[in-house]
Amino acid sequence: MKSPNSGSDPANRRDFFAEVTGKIMCALEQGCAPWVRPWSENPGTSAIPISASGRQYRGINRILLGMEQSLLGYNSPQWYTRKMANQAGGHIRKGEKGTPIVFFKPVDKSPSEPEGPDPDDNNDSTGRFWVHRFYYVWNRDQLEGVDGAPAPEPMVQGPRWHLHRRSDYLALGTDAKFEYGGNRAYYSPGADRIVLPLPDQFYHEDDFHSTRFHELVHWTGHTSRLGRRYGRFGDPDYAREELVAEMGAAFLCEWCGLLAELQHPEYIASWLRVLDEDKSAVIVAASQAQKAFDFILEQSGMNEEVSDLRKAA
């Protein structure tokens with residue numbers, strides 16, 4: 001393993017997955033879902049981690065760097081490799097430790113490359129597999145002399161009705177079928193429909209929107225869409241799918257500017273069992289949640305309006 005100050009390839013895949021999983025499990029054991037953070041470190045700006053170029057991190061890197069921002073109290077959401085810091089005219093402050101992130105790259109099968117699991121957990125019949133590249137990054141607060149860094153992305157703001165309208169556009173812009181009434185919220189794969197209590201039955205209106213997003217992420221897993229395995233209650237696949245839905249709903253809430261909370265704390269024990277047995281499970285779940293998020297934005301047409309909507313908000 002290279003030094004934390006080396007800037008690339010910090011660890012082998014097993015060590016990295018185990019380290020990330022250990023951090024997630026530690027947070028869950030304390031009753032906290034690290035992918036949920038219902039506030040911004042800087043008022044009016046997004047807490048989503050971004051690179052030096054302003055690009056948002058995705059999947060497990062988004063969750064991992066968000067955890068570090070919160071735990072270590074960083075004011076900036078921006079992260080740099082050593083090379084990026086040097087190119088920006090700065091350097092890493094002496095004694096500062098980097099945070100490892102992972103990059104997945106699909107390549108043609110070759111005996112010279114170590115084969116790893118597909119982060120989306122899908123079989124690839126095209127003769128490709130996924131190679132993992134690891135890097136260390138440092139928060140801007142850990143650097144000195146950096147100039148000209150892009151400003152943090154503005155957080156979606158406005159009255160609650162405006163944020164709820166964004167949520168409505170996002171959810172109802174898909175082909176999902178919704179039914180309202182009763183005292184349960186669930187997605188039925190057989191009927192391919194989402195059932196929700198009436199909005200007025202929720203204690204807080206944000207809870208209705210976050211619950212709808214949770215079920216909408218389940219909807220993306222249907223065989224006609226992203227094709228995830230649902231499993232039966234109590235099965236590991238069931239716990240994995242609930243983990244995907246929780247993460248995906250948090251991503252969608254954050255995109256709309258809504259508060260996100262852990263919706264199903266009763267699943268924590270089952271998540272801990274899955275993560276303890278499979279150190280890559282959280283990486284796969286985060287990737288699938290990101291893929292569900294992208295699918296919903298694509299379906300609703302909102303992905304083409306992100307910049308304009310943020311400005312309008």
Side-chain angles (χ1 to χ4, degrees), residues 24 28 31-38 59 62-63 66 163-164 166-222 225-235 237-271 274 281-282 284-300 302:
I24 300 290
L28 288 174
C32 173
W35 51 87
V36 173
R37 184 168 52 167
R62 172 177 177 163
I63 294 171
L163 305 182
H164 294 154
R166 286 172 58 86
S167 171
D168 288 338
Y169 286 156
L170 192 57
L172 302 181
T174 67
D175 296 331
K177 299 176 183 177
F178 294 93
E179 292 185 9
Y180 300 93
N183 296 310
R184 293 180 59 205
Y186 63 92
Y187 167 67
S188 171
D192 193 21
R193 70 171 183 265
I194 294 170
V195 179
L196 295 164
L198 294 169
D200 290 345
Q201 291 178 255
F202 289 81
Y203 292 114
H204 302 288
E205 195 168 357
D206 280 10
D207 293 339
F208 165 76
H209 291 271
S210 60
T211 299
R212 183 170 60 180
F213 280 149
H214 180 102
E215 302 307 333
L216 192 60
V217 173
H218 281 317
W219 170 83
T220 68
H222 192 271
R225 300 178 191 98
L226 302 182
R228 296 190 303 273
R229 293 189 292 270
Y230 290 114
R232 294 180 178 275
F233 183 80
D235 293 343
D237 282 342
Y238 186 94
R240 290 187 179 95
E241 174 61 20
E242 287 299 330
L243 194 56
V244 171
E246 285 280 347
M247 291 179 176
F251 293 170
L252 290 165
C253 282
E254 193 166 30
W255 189 87
C256 288
L258 296 171
L259 297 179
E261 295 182 357
L262 177 61
Q263 296 186 38
H264 294 288
E266 66 272 19
Y267 291 142
I268 287 180
S270 63
W271 294 339
V274 168
V282 70
V284 171
S287 177
Q288 291 179 330
Q290 184 69 58
K291 195 171 183 179
F293 171 89
D294 294 340
F295 183 88
I296 291 169
L297 260 66
E298 180 71 31
Q299 269 265 318
S300 66
M302 299 287 272

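Here the structure is a predicted model, which is why all the values come from computation and not from measurement.
Residues Leu216 and Gln299 have side chains not in contact (no heavy-atom distance under 4.5 Å, counting atoms from C-beta outward). Taking 4.5 Å as the limit, every side-chain heavy atom of Pro199 sits out of range of all side-chain heavy atoms of Glu205. Ile63 is listed as a side-chain neighbour of Ile24, based on a closest heavy-atom distance under 4.5 Å. When side chains are defined from C-beta on, Arg240 counts as touching Val274, because their heavy atoms get closer than 4.5 Å. A heavy-atom distance below 4.5 Å is found between the side chains of Asp168 and His209. Taking the side chain as every heavy atom from C-beta outward, Leu163 and Cys256 never approach each other to under 4.5 Å. Residues Gln290 and Met247 fail the side-chain proximity criterion, which asks for heavy atoms closer than 4.5 Å. Leu252 has its side chain within reach of Leu297: a pair of non-hydrogen atoms, C-beta onward, lies under 4.5 Å apart.
Listed for the Glu179 side chain is no donor-acceptor partner under 3.5 Å among the backbone atoms of Val195. Checked by atom type and distance alone, the side chain of Gln201 pairs as donor or acceptor with a backbone atom of Leu198 at under 3.5 Å. Between the side chain of Trp271 and the main chain of Ala239, a donor-acceptor pair closer than 3.5 Å is present. Arg166 places a side-chain N or O within 3.5 Å of a backbone atom of Trp255 that can act as its donor or acceptor partner. At distances below 3.5 Å, not a single donor-acceptor pair connects side-chain atoms of Asp192 with backbone N or O atoms of Pro189. Here the side chain of Arg225 pairs a donor or acceptor atom with the backbone of Trp219 at under 3.5 angstrom.
With values rounded to the nearest 0.5 angstrom, Tyr169 atom OH is found 12.0 Å from Ser300 atom OG. The distance from the CG atom of Leu196 to the CG atom of Asn183 is 12.0 Å, given to the nearest 0.5 Å. Atom OG1 of Thr220 sits about 9.0 Å away from atom OH of Tyr187, to the nearest 0.5 Å. The CZ atom of Phe251 sits 8.5 Å away from atom CZ of Phe293, with the distance rounded to the nearest 0.5 Å. Atom-to-atom distance recorded for Ser188:OG and His222:NE2 is 8.5 Å, nearest 0.5 angstrom. In this structure, CD1 in Ile268 is found 5.5 Å from CG in Leu28, a value given to the nearest 0.5 Å.
Taking both residues in full, the closest heavy atoms of Ala285 and Leu243 are given as CB-CD2, 3.8 Å, listed atom of the first, atom of the second, then distance. Across all non-hydrogen atoms, the minimal contact from Gly231 to Tyr238 is O-CD1, 3.9 Å. Taking both residues in full, the closest heavy atoms of Ser210 and Ala249 are given as O-CB, 4.0 Å, listed atom of the first, atom of the second, then distance. The heavy-atom pair separating Ser167 from Leu258 by the smallest distance is CB-CD1, 4.0 Å. Across all non-hydrogen atoms, the minimal contact from Val217 to Ala292 is CG1-CB, 3.9 Å.
A salt bridge does not link Arg184 to Glu215: none of the charged side-chain nitrogens sits closer than 4.0 Å to a carboxylate oxygen. Glu241 has a carboxylate O that lies under 4.0 Å from a charged side-chain N of Arg228, or vice versa, which qualifies the two as a salt bridge.
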*asked:* Is there a salt bridge (Lys or Arg N to Asp or Glu O under 4.0 Å) between Glu298 and Lys291? Walk through the geometry before answering.
replied: CA-CA 10 Å; Glu298 180 71 31; Lys291 195 171 183 179; over 6 Å; no
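The side chain to side chain donor-acceptor pair (under 3.5 Å) test applied to Tyr230 returns no partner, not counting sequence neighbours. Partners of Tyr203 by ring pair (Phe, Tyr, Trp, His ring centres under 6.0 Å), not counting sequence neighbours: none found.
Using bins of under 30°, 30° to 60° and over 60° for the plane-to-plane angle, the ring pair Tyr180/Phe178 lands in the parallel bin.
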